[in-house]
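For reference, the structure discussed in these notes is given below.
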Amino acid sequence: MKRKGLRFYLRIYCKILAQDLKSKMSYRADFIISTIGMIFTNIAGFVSFWILFRSFPEINGWSYYEMLFLYGFSLVSLTPVQCLFDNNWSLRMHVYSGDFIKYCFRPINLFFYYQSEVFDIKGLGQFAFGIGTLIYSWNKIGLGFTPLMLLKMIIFLLTASLIMIAVMNAAAATCFWITNSFYVMDLALKFKDYARYPITIFSPVFRFIFTFLMPVAFIAYYPSLVILRPNEVPILSWLSPLFGCLFFYLSYKFWMFGAMRYSGTGS
């Protein structure tokens, strides 16, 4: 069979995306309410930062606007996992019902076909709020702006997003072996809340966990240091694009490992 290239998958994805968006826009009230709910959720996070820093002007050397920068960075980097990989939440239901078998007979990559079926458009509200938060905190901190800084920002945002995608891919794939895999995914999702804080505020034990075991520190903290504190960039910050790609690849292989051994419900 001829190997299908990137152009083929982009063309297929655009067609699938168009159909998914048409179906979602047929229920406009649901879309509007969901988007407003997402915006208010992020506003609540913004307000919590403001309330916290009214009492504490800084936390372990991090100012309010630097923490706000991390918050915005995490929102933007977490957007792809919500928009492009939201179908992971339905994986366990497809597996348990036996419907997942239909994905196994298409002449395209199984992982691509399954994930491309759903696009969570309300995640764009989170993206817009994250961009606004980044711009606001960027100006308040007084960071300069150059094309090189913009390029670094894009690269590190994209590769940081691969970390959370990898975490959710791996968590979702446990449904091929674990009956109550929802709790695994729910636990993995809760870890994203720690991504908005610098790991220096945690104990050494949690720093190790958030760096090497559940690497949420690579979602915002390490990559953002390249922009926030260019004179204090640790080696792990420069390695974050490599770690992002590596973790995503490993999560993909783990997901496919489970999917390739799927044989239906047996009923």
Side-chain angles (χ1 to χ4, degrees), residues 3-6 9-10 13 70 73-89 91 108-116 123 130 151-178 181 184-185 187-200 202 204-230 232-261:
R3 188 179 182 88
K4 298 175 175 62
L6 178 61
Y9 282 104
L10 285 175
Y13 183 76
L70 286 183
F73 197 100
S74 68
L75 287 181
V76 175
S77 62
L78 289 171
T79 297
V81 72
Q82 179 172 357
C83 289
L84 305 176
F85 294 85
D86 195 60
N87 213 23
N88 268 329
W89 287 97
L91 181 61
I108 58 176
N109 182 274
L110 175 59
F111 179 79
F112 166 83
Y113 178 46
Y114 182 80
Q115 300 294 355
S116 64
L151 178 62
K152 287 180 180 179
M153 193 72 171
I154 294 173
I155 291 174
F156 281 89
L157 277 170
L158 289 175
T159 54
S161 69
L162 293 178
I163 297 293
M164 195 62 196
I165 293 173
V167 169
M168 298 309 290
N169 283 344
T174 60
C175 72
F176 293 112
W177 297 277
I178 302 174
S181 61
V184 179
M185 286 201 70
L187 177 63
L189 184 65
K190 290 185 185 320
F191 274 100
K192 74 177 177 59
D193 294 333
Y194 296 101
R196 64 188 64 169
Y197 301 106
I199 64 167
T200 53
F202 299 108
V205 172
F206 282 101
R207 292 181 196 178
F208 179 83
I209 292 173
F210 294 152
T211 299
F212 300 107
L213 300 183
M214 183 60 71
V216 293
F218 289 97
I219 294 174
Y221 174 71
Y222 282 120
S224 67
L225 287 178
V226 175
I227 304 298
L228 274 180
R229 301 183 176 184
E232 306 174 22
V233 183
I235 186 64
L236 288 176
S237 292
W238 296 117
L239 291 176
S240 57
L242 175 63
F243 285 144
C245 295
L246 176 63
F247 281 122
F248 176 79
Y249 175 76
L250 292 176
S251 74
Y252 164 75
K253 298 299 288 186
F254 180 66
W255 198 99
M256 289 295 291
F257 178 77
M260 290 294 99
R261 282 153 182 76

Exam field: side chain [X] to backbone [Y], donor-acceptor pair closer than 3.5 Å:
X	Y	result
Asn87	Tyr114	yes
Ser77	Ser161	no
Thr159	Gly244	no
Ser224	Tyr221	yes
Thr174	Ala170	no
Tyr9	Asn109	yes

Nearest 0.5 Å, what's the [atom1]-[atom2] distance between [X] and [Y]?
X	Y	atom1	atom2	value
Ile227	Phe156	CD1	CZ	7.5 Å
Ile163	Ser240	CD1	OG	8.0 Å
Leu70	Leu75	CG	CG	11.0 Å
Trp89	Ser181	CH2	OG	9.5 Å
Ile209	Met214	CD1	CE	9.5 Å
Met260	Trp255	CE	CH2	8.0 Å

Chi angles and distances behind the side chain to side chain contact (heavy atoms under 4.5 Å, CB included) call for Gln115, Asn88: CA-CA 7 Å; Gln115 300 294 355; Asn88 268 329; 2.9 Å; yes
Less than 4.5 Å apart, any side-chain heavy atom of [X] and any of [Y]?
X	Y	value
Phe191	Phe210	yes
Phe176	Arg261	no
Phe73	Leu228	no
Tyr13	Phe112	yes
Met256	Leu110	yes
Leu189	Met168	yes
Phe254	Asn169	no
Ile165	Phe247	no

Looking at [X] and [Y], what are the two nearest heavy atoms and their distance?
X	Y	answer
Thr79	Gly123	CG2-O, 3.6 Å
Leu236	Phe218	O-CE2, 3.5 Å
Trp238	Lys152	CH2-NZ, 4.4 Å
Val81	Leu78	CG1-O, 2.9 Å
Arg196	Ser74	CB-OG, 3.9 Å
Pro234	Leu225	CD-CD1, 3.6 Å

Parallel, tilted or perpendicular, as decided by the 30° and 60° cut-offs, for the rings of Phe257 and Trp177: parallel
Ring geometry between Tyr252 and Phe248 (parallel below 30°, tilted from 30 to 60°, perpendicular above 60°):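 It falls in the parallel class, under 30°.
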Heavy atoms from other residues, nucleotides or ligands near OH of Tyr194 exceed 12 (cutoff 6.0 Å): no
Salt bridge flag under 4.0 Å for residues Lys190 and Asp193: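 Judged by the 4.0 Å cut-off on N to carboxylate O distance, Lys190 and Asp193 do not form a salt bridge.
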